[in-house]
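Hydrogens, waters and symmetry mates are skipped; everything else that's a heavy atom, side chains included, is used.
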Amino acid sequence: MPALIEEGRAKVNLTLKVVGRRVDGFHDLESVVAFADCADRLTLEPGSELSLSMAGPLADACGDTSDNLVLKAARLLGERVADLEVGHFTLEKVLPVAAGIGGGSADAAAALRLLARLNELSLDDSRIMEVALQTGADVPVCVASRACDMTGVGEGLLPLDLPKMPCVLVNPRVPVATRDVFNALGLRNGELLIGATDVVMQAPSWPEAGCAIDDWIAALERGTNDLEGPAARIEPVISDVLSALRATRDVRLVRMSGSGATCFAVFGTDADAEAAGEQLRAAHPGWWVHAGALS
């Protein structure tokens with residue numbers, strides 16, 4: 001059987017509201033999630049043994065392959081599907097690691113899609129979604145890899161009709177551990193964030209299908225990323241990235257994604273995004289910069 005290929009697209013949190021922390025220590029979130037046109041590439045060559053090798057410009061940043069979420073997802077699925085057909089995965093890593101854009105989660109989701117294809121499983125199979133959530137909070141949304149309003153600890157997914165949004169993603173090549181950012185947020189188990197400025201945005205408030213990018217930007221501007229402050233205290237360079245993005249011409253919206261350190265800017269046209277990307281690459285050659293689109 002020929003090798004199977006899937007892409008793990010970068011996930012971008014356009015908003016991220018922390019509702020509170022559950023008694024079990026997990027955080028309840030509400031987040032509008034979109035996906036960028038930059039991605040890792042995962043190949044599966046069917047075989048008798050499950051294995052993984054790394055390739056690509058950022059392969060060395062991934063650490064020990066035995067801890068990779070690709071293998072974790074595959075092993076968990078193998079515990080639920082009798083005689084699961086597996087093989088050798090090759091991950092071409094181009095997305096920054098520990099960057100707030102769900103690279104590892106997108107890779108794990110790509111692995112589940114590949115195994116579903118190989119074993120003729122539906123992506124709606126309850127075992128696929130159970131494994132996705134157990135692998136990581138961002139994995140379920142990455143399985144479908146389409147814009148969603150994500151709630152809870154990643155289990156609530158409401159598809160959104162997001163228009164194509166020209167954007168620039170910037171990562172200063174500084175990894176930020178998600179656990180450290182949530183610890184810096186400082187919520188106790190069972191504590192809720194309640195107040196006039198902390199009302200959870202409800203799905204019906206998001207623009208309907210066919211709405212223009214201006215309508216979406218106006219709606220997204222009313223949101224926030226509650227992890228931006230804690231992350232910037234851990235890695236002050238995040239504030240520098242945000243300032244650099246805000247200084248670009250014709251920028252419409254600037255925010256941090258996930259737990260950082262990747263930040264994004266939304267523009268009205270592809271040309272504006274490309275010009276901003278070129279400006280940022282010239283001014284900050286050490287940063288990872290991608291100019292493209294969200295959808």
Side-chain angles (χ1 to χ4, degrees), residues 3-13 33-45 50-74 87-114 135-136 138-139 142 145 166-178 231 235 237-238 240-242 244-245 248 256-265 270 273-295:
L4 304 175
I5 300 173
E6 287 278 348
E7 288 190 336
R9 298 170 66 199
K11 170 227 61 165
V12 176
N13 300 90
V33 176
F35 288 85
D37 55 356
C38 53
D40 292 334
R41 182 182 177 94
L42 188 65
T43 302
L44 173 60
E45 298 176 61
L50 175 63
S51 58
L52 170 67
S53 60
M54 308 298 297
L58 295 180
D60 291 343
C62 294
D64 189 348
T65 57
S66 64
D67 296 327
N68 195 281
L69 293 184
V70 167
L71 292 180
K72 179 179 179 180
H88 179 73
F89 288 102
T90 301
L91 176 59
E92 184 179 353
K93 192 68 181 172
V94 300
L95 298 177
V97 175
I101 52 176
S105 297
D107 298 339
L112 290 175
R113 292 196 300 272
L114 288 169
T135 303
D138 281 338
V139 179
C142 289
S145 194
C167 78
V168 173
L169 303 180
V170 176
N171 182 276
R173 299 188 188 273
V174 175
V176 178
T178 300
E235 288 293 348
V237 70
I238 292 172
D240 298 334
V241 174
L242 291 168
L245 286 169
T248 56
M256 187 185 80
S257 175
S259 56
T262 302
C263 301
F264 67 90
D270 293 334
E274 287 292 342
E278 291 178 7
Q279 174 188 332
L280 290 161
R281 291 187 197 99
H284 304 280
W287 290 359
W288 179 88
V289 178
H290 172 78
L294 302 172
S295 61

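- Using a distance-only test at 3.5 Å, with no hydrogens or angles considered, no donor-acceptor pair links the side chain of Arg113 to the main chain of Glu6.
- Considering all non-hydrogen atoms of both residues, Ala55 and Thr90 come closest at CB-CG2, 4.5 Å.
- With His290 as reference, Asp37 is the one residue of Asp37, Val168, Leu95, Asn171 to meet the side chain to side chain contact (heavy atoms under 4.5 Å, CB included) rule.
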Please test Leu69 against Asp107 for side chain to side chain contact (heavy atoms under 4.5 Å, CB included), starting from the C-alpha separation and ending with a verdict. CA-CA 7 Å; Leu69 293 184; Asp107 298 339; over 6 Å; no
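- Arg9 places a side-chain N or O within donor-acceptor distance of the main-chain N or O of Ala36, the cut-off being under 3.5 Å.
- Distance CG/Leu44 to NE2/His88: 9.5 Å, rounded to 0.5 Å.
- Contact detail for Thr135 and Ala108: the closest heavy-atom pair is CG2-CB, 4.0 Å.
- Among all heavy-atom pairs drawn from Gly104 and Lys93, the shortest one is N-NZ, 4.0 Å.
- One distance of note links CZ of Arg41 with CD1 of Ile5; it measures 4.0 Å at 0.5 Å rounding.
- Annotation for Cys142 and Ser105: closest pair CB-O, 4.0 Å, computed over non-hydrogen atoms.
- Atom CG of residue Leu114 and atom OG1 of residue Thr43 lie 8.0 Å apart, to the nearest 0.5 angstrom.
- Side chains of Ile101 and Pro96 form a contact here, defined as non-hydrogen atoms less than 4.5 Å apart.
- Asn13 pairs by the side chain to side chain donor-acceptor pair (under 3.5 Å) definition with Lys11, Ser31, not counting sequence neighbours.
- Here the straight-line distance linking atom OG of Ser53 with atom CZ of Phe89 works out to 11.0 Å at 0.5 Å rounding.
- Using modelled atom types, no side-chain atom of Asp270 and backbone atom of Pro166 make a donor-acceptor pair closer than 3.5 Å.
- No side-chain donor-acceptor contact under 3.5 Å links Ser257 to the backbone of Thr262.
- Closest of all the heavy-atom pairs between Gly103 and Asp40 is O-OD2, 4.0 Å.
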Kindly list each side-chain donor-acceptor pair under 3.5 angstrom involving residues 60-68, sequence neighbours excluded, with atom names and distances?
{"from": "Asp64", "atom 1": "OD1", "to": "Ser66", "atom 2": "N", "distance (Å)": "3.0"}
{"from": "Asp64", "atom 1": "OD1", "to": "Ser66", "atom 2": "OG", "distance (Å)": "3.1"}
{"from": "Asp64", "atom 1": "OD2", "to": "Ser66", "atom 2": "OG", "distance (Å)": "2.9"}
{"from": "Asn68", "atom 1": "OD1", "to": "Val70", "atom 2": "N", "distance (Å)": "2.8"}

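- The shortest distance between side-chain heavy atoms of Trp288 and Cys38 falls below 4.5 Å.
- More than 12 heavy atoms of other residues, nucleotides or ligands lie within 6.0 Å of CZ in Arg173, so this atom counts as buried by the packing criterion.
- Taking the side chain as every heavy atom from C-beta outward, Leu245 and Leu280 approach each other to under 4.5 Å.
- Considering all non-hydrogen atoms of both residues, Ile238 and Ala261 come closest at CG1-CB, 3.6 Å.
- Annotation: side chain of Leu112 is in contact with side chain of Val139 (closest heavy-atom distance under 4.5 Å).
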